[in-house]
Each structure stands twice: as structure tokens, then as C-alpha cells.
Amino acid sequence: MKTCVNACLGQLIVSCQAYEDTPLYGAENMKRMVQSAMLGGAKVVRCCWPQDIRAARSLSPDLVIIGINKIMPQAGNSLDDVFITPTFEKAREVVEAGADLLALDARITKKRGKSELLELLHQIREAFPNIGVMADCAAYEECQICAQSGAVDILSTTLSGLVKPIEGPDTELVRQLKADFTLPVNAEGRIWELKDIDAVVEAGADMITIGTAITRPHLITERFLNHYLQLQDHAE
């Protein structure tokens with residue numbers, strides 16, 4: 001097992017991302033977000049885009065960084081768009097920016113088939129043998145392809161629920177992956193409550209990633225506000 005992968009085991013990974021339409025967008029803001037996560041005890045973070053990865057790396061040589069490089073789908077595009085580190089060049093940018101691991105969209109879609117995914121995985125493995133690779137999957141079948149490829153270090157439930165929305169973390173997928181494969185499993189997606197952490201740990205997750213519930217204050221605000229407004233409506 002690679003040192004960077006071993007460093008993720010048993011860790012709460014904080015995903016620090018902000019998009020252009022939000023006030024926290026920008027490398028300096030994300031640097032502060034990462035620094036805040038570190039103050040809370042986080043030893044591993046997930047950062048998007050080379051400039052944010054470089055900013056996070058400047059904080060500490062010991063911080064473990066999982067890098068991604070998103071190409072955001074244009075308005076009206078379908079869920080078939082592969083958007084997380086979709087190409088070798090995007091992967092190279094992540095590595096050159098200072099990431100210890102890179103994560104990529106491992107979905108099989110109408111726009112990117114199994115052979116293209118495998119070609120990308122092996123190209124990355126050959127070019128960057130010391131970099132850990134996390135496969136962001138939506139379904140069991142994609143995890144199976146990645147596990148059998150020999151070019152992936154961590155299986156992740158990141159994109160589960162993207163096509164068919166589900167409530168809460170996908171504990172069933174975590175449980176299936178732990179039963180069938182030897183690779184570490186990252187539980188990610190819709191983890192909002194302490195009970196959600198309990199659930200994925202019980203399912204066997206080797207590490208947990210939380211993003212929105214920690215690092216996207218406008219969505220956190222919206223969630224609490226909507227609940228409060230619903231209570232007011234019921235009281236009328």
C-alpha cells in the first residue's frame with residue numbers, strides 16, 4: 001500500500017471546494033478553508049483545481065492532499081458528462097500542483113465507456129506510479145471495473161446518488177465493496193449528521209469524506225433555514 005493511501009486510513013477527509021458563483025471561490029479563500037480544517041484536526045483534505053491545491057500545499061509539506069480537477073458541465077448538459085479529472089492532462093495538472101493522491105470520475109456513461117476509462121487509469125498509473133488514485137464511483141459495477149484494473153488504490157462512493165438520488169450516505173454500497181474487494185473504501189456523499197458517520201463506520205468504511213456539511217456555508221444556512229420555515233408553516 002502506498003504511503004499516501006495508508007495515511008488516509010481512519011481519517012476524516014475534509015473536501016474544501018467553492019465554485020465561481022459563490023463568495024468563497026478563489027485559492028486564497030480555499031487556503032483559509034483548508035487551514036481551518038487543519039485547526040480542527042484534519043490531516044487529509046480534498047481540493048479542486050491546481051491553484052487551490054498549490055495554495056493548500058503551501059500550508060504544510062505534511063498535509064495529505066487529494067486533488068481533483070473539475071470541468072463543470074455546461075447548463076443543459078446531461079449527467080453523462082464526466083467532470084471530475086476527466087482527462088490525462090487534467091490529472092497531470094493535479095499531480096504537478098502538489099497532490100499526493102488524485103481522484104477521478106470513474107463512471108461509465110454514454111460519453112465515456114469502459115475501455116476509455118481503463119485506458120485513462122493505466123495511463124495515469126504508468127506516468128505517476130507513486131500517486132494514489134481514488135475512483136469516484138456511482139455504482140457497484142464501476143467499482144468492480146476499477147478494482148479489477150489494478151490501477152486504483154481507493155474505491156469511493158462519491159458519485160452514488162447522482163443519477164438515482166437516495167437519502168443519506170450509501171451504506172449498502174460501502175458494505176458491498178468491503179465484502180467483495182480488498183481495496184480501501186472511502187465513504188462520501190450526503191454525510192450531514194453524526195449518525196451518518198456511525199452508519200458508514202458500521203458498514204466498514206476505511207475513511208470518510210465530508211464536504212458540504214463543513215465547507216459550504218450557504219448550503220448549510222439554506223438547510224437550517226428551510227427546516228425552520230417548515231416548522232413555522234406547520235404551526236400555522
Original post:
Where is the tightest heavy-atom contact between C8 and V44, given as atom of each residue plus distance?
Top reply: SG-CG1, 4.0 Å
Subject >> Connected via hydrophobic side-chain network under 4.5 Å: V14 and I197 >> reply: yes
Original post:
Under a 4.5 Å cut-off applied to non-hydrogen side-chain atoms, are K90 and V94 in contact?
Top reply: no
Original post:
Considering all heavy atoms of both residues, which atom of V133 and which atom of A151 are nearest to each other, and what is their separation?
Top reply: CB-O, 3.9 Å
Original post:
Atom NE2 of H218 and atom OG1 of T221: how far apart are they, to the nearest 0.5 Å?
Top reply: 9.0 Å
Original post:
Does some side-chain heavy atom of E126 sit less than 4.5 Å from a side-chain heavy atom of I124?
Top reply: no
Original post:
Run the side chain to side chain contact (heavy atoms under 4.5 Å, CB included) check on W192 and I214 step by step: do they pass?
Top reply: CA-CA 9 Å; W192 277 96; I214 297 176; over 6 Å; no
Subject >> Distance in Å, R107 CZ paired with I145 CD1, rounded so as to fall on 0.5 Å steps >> reply: 13.0 Å
Subject >> Short N-O contact, D153 and R125, less than 4.0 angstrom >> reply: yes
**OP:** For R54 and G98, indicate whether the former's side chain and the latter's backbone hold a donor-acceptor pair under 3.5 Å.
**Re:** no
Original post:
Would the number of heavy atoms belonging to other residues, nucleotides or ligands and lying under 6.0 Å from CG of L229 be above 12?
Top reply: yes
**OP:** I would like to know whether E172 and D170 meet side chain to side chain contact (heavy atoms under 4.5 Å, CB included); could you show each step before the answer?
**Re:** CA-CA 5 Å; E172 183 56 34; D170 195 342; 3.9 Å; yes
Subject >> Whether N226 side chain and E222 backbone form a donor-acceptor pair below 3.5 Å >> reply: yes
Original post:
Distance from I68 atom CD1 to S15 atom OG, nearest 0.5 Å?
Top reply: 6.0 Å
Original post:
Rounded to the nearest 0.5 Å, what separation is found between the SG atom of C143 and the CG atom of L173?
Top reply: 5.0 Å
Cut-off 3.5 Å, no hydrogens considered: what does the side-chain donor-acceptor table look like for residues 199-207, sequence neighbours left out?
from : atom 1 : to   : atom 2 : distance (Å)
E202 : OE1    : R175 : NH2    : 2.6
D206 : OD1    : K178 : NZ     : 3.2
D206 : OD2    : K178 : NZ     : 2.9
D206 : OD2    : V185 : N      : 2.7

Original post:
Is the shortest heavy-atom distance from the side chain of N186 to the side chain of M134 under 4.5 Å?
Top reply: yes
Original post:
Are side-chain heavy atoms of I210 and T215 found at a separation under 4.5 Å?
Top reply: no
**OP:** Apply side-chain hydrogen bond (donor to acceptor under 3.5 Å, both in side chains) to K70 and list each qualifying residue two or more places apart in sequence or on a separate chain.
**Re:** Q17, Y19
Original post:
Should C47 and M30 be marked as a side chain to side chain contact (heavy atoms under 4.5 Å, CB included) after you check the CA-CA gap, both sets of side-chain angles, and the distance that decides it?
Top reply: CA-CA 8 Å; C47 297; M30 284 302 98; over 6 Å; no
Subject >> Heavy-atom pair with the smallest gap, counting every atom of M38 and L59 >> reply: SD-CD1, 4.1 Å
Original post:
Checking side chain to side chain contact (heavy atoms under 4.5 Å, CB included) for the pair C137/T157: CA distance, chi angles, key distance, verdict?
Top reply: CA-CA 5 Å; C137 300; T157 63; over 6 Å; no
Original post:
Side chains of T109 and D80: donor-acceptor distance under 3.5 Å anywhere?
Top reply: no
Original post:
Do R92 side-chain atoms and T87 backbone N/O form a donor-acceptor pair below 3.5 Å?
Top reply: no
**OP:** Please name the pair of heavy atoms, one in L121 and one in C146, separated by the smallest distance, quoted to 0.1 Å.
**Re:** CD1-SG, 4.2 Å
Subject >> S115 OG to L120 CG distance, which is reported to the nearest 0.5 Å >> reply: 11.5 Å
Original post:
Is there a donor-acceptor pair closer than 3.5 Å between any side-chain N or O of R57 and the backbone N or O of S60?
Top reply: yes
**OP:** Could you check D81 against K110 for salt bridge (charged side-chain N to carboxylate O under 4.0 Å, His left out), going step by step and ending with a plain yes or no?
**Re:** CA-CA 8 Å; D81 289 317; K110 293 178 181 178; over 6 Å; no
Original post:
Do M33 and L12 belong to the same hydrophobic cluster, where Ile, Leu, Val, Met, Phe, Trp and Tyr are linked whenever their side-chain heavy atoms lie under 4.5 Å apart, directly or via other members?
Top reply: no
Original post:
Is the shortest heavy-atom distance from the side chain of N6 to the side chain of L9 under 4.5 Å?
Top reply: yes
Original post:
How long is the gap from CG on D100 to CG on L63, to the nearest 0.5 Å?
Top reply: 7.5 Å
Original post:
Under 3.5 Å, is there a donor-acceptor pair between the T85 and N69 side chains?
Top reply: no
Original post:
Is the closest side-chain heavy-atom distance between S149 and H122 below 4.5 Å?
Top reply: yes
Original post:
Do the side chains of Y140 and L183 join up, straight or via other hydrophobic residues, at under 4.5 Å, putting them in one cluster?
Top reply: yes
Subject >> Hydrophobic cluster membership, I131 vs L155, 4.5 Å side-chain cutoff >> reply: yes
**OP:** State whether D136 and R46 are salt-bridged, where the test is any N-O pair (Lys NZ or Arg NE/NH1/NH2 against Asp/Glu carboxylate O) under 4.0 Å.
**Re:** yes
Subject >> Sole candidate of L101, V45, I66 that passes side-chain contact (heavy atoms from CB on, under 4.5 Å) when paired with I13 >> reply: I66
Original post:
Would a hydrophobic clustering, with Ile, Leu, Val, Met, Phe, Trp and Tyr connected at side-chain separations under 4.5 Å, put L104 with L177?
Top reply: yes
Original post:
What pairs with E116 under side-chain hydrogen bond (donor to acceptor under 3.5 Å, both in side chains), at least two apart in sequence or on another chain?
Top reply: none
**OP:** Taking all non-hydrogen atoms of both residues into account, name the closest pair between F181 and Q144 and its distance.
**Re:** CZ-CA, 3.6 Å
**OP:** Evaluate whether atom CD of E167 has more than 12 neighbouring non-hydrogen atoms of other residues, nucleotides or ligands under 6.0 angstrom away.
**Re:** no
Original post:
Can you name the nearest heavy-atom pair linking A213 to I220, along with the distance?
Top reply: O-CD1, 3.4 Å
Original post:
Is there a side-chain contact between I166 and S160 (heavy atoms, below 4.5 Å)?
Top reply: yes
Subject >> Heavy-atom side-chain contact between K111 and V82 under 4.5 Å >> reply: no
Subject >> Derivation of the salt bridge (charged side-chain N to carboxylate O under 4.0 Å, His left out) call for R190 and D196 >> reply: CA-CA 8 Å; R190 299 170 306 283; D196 295 330; over 6 Å; no
Subject >> E142 side-chain N/O to I108 backbone N/O, donor-acceptor pair under 3.5 Å >> reply: yes
Original post:
Would you say S36's side chain and R32's backbone share a donor-acceptor pair under 3.5 angstrom?
Top reply: yes
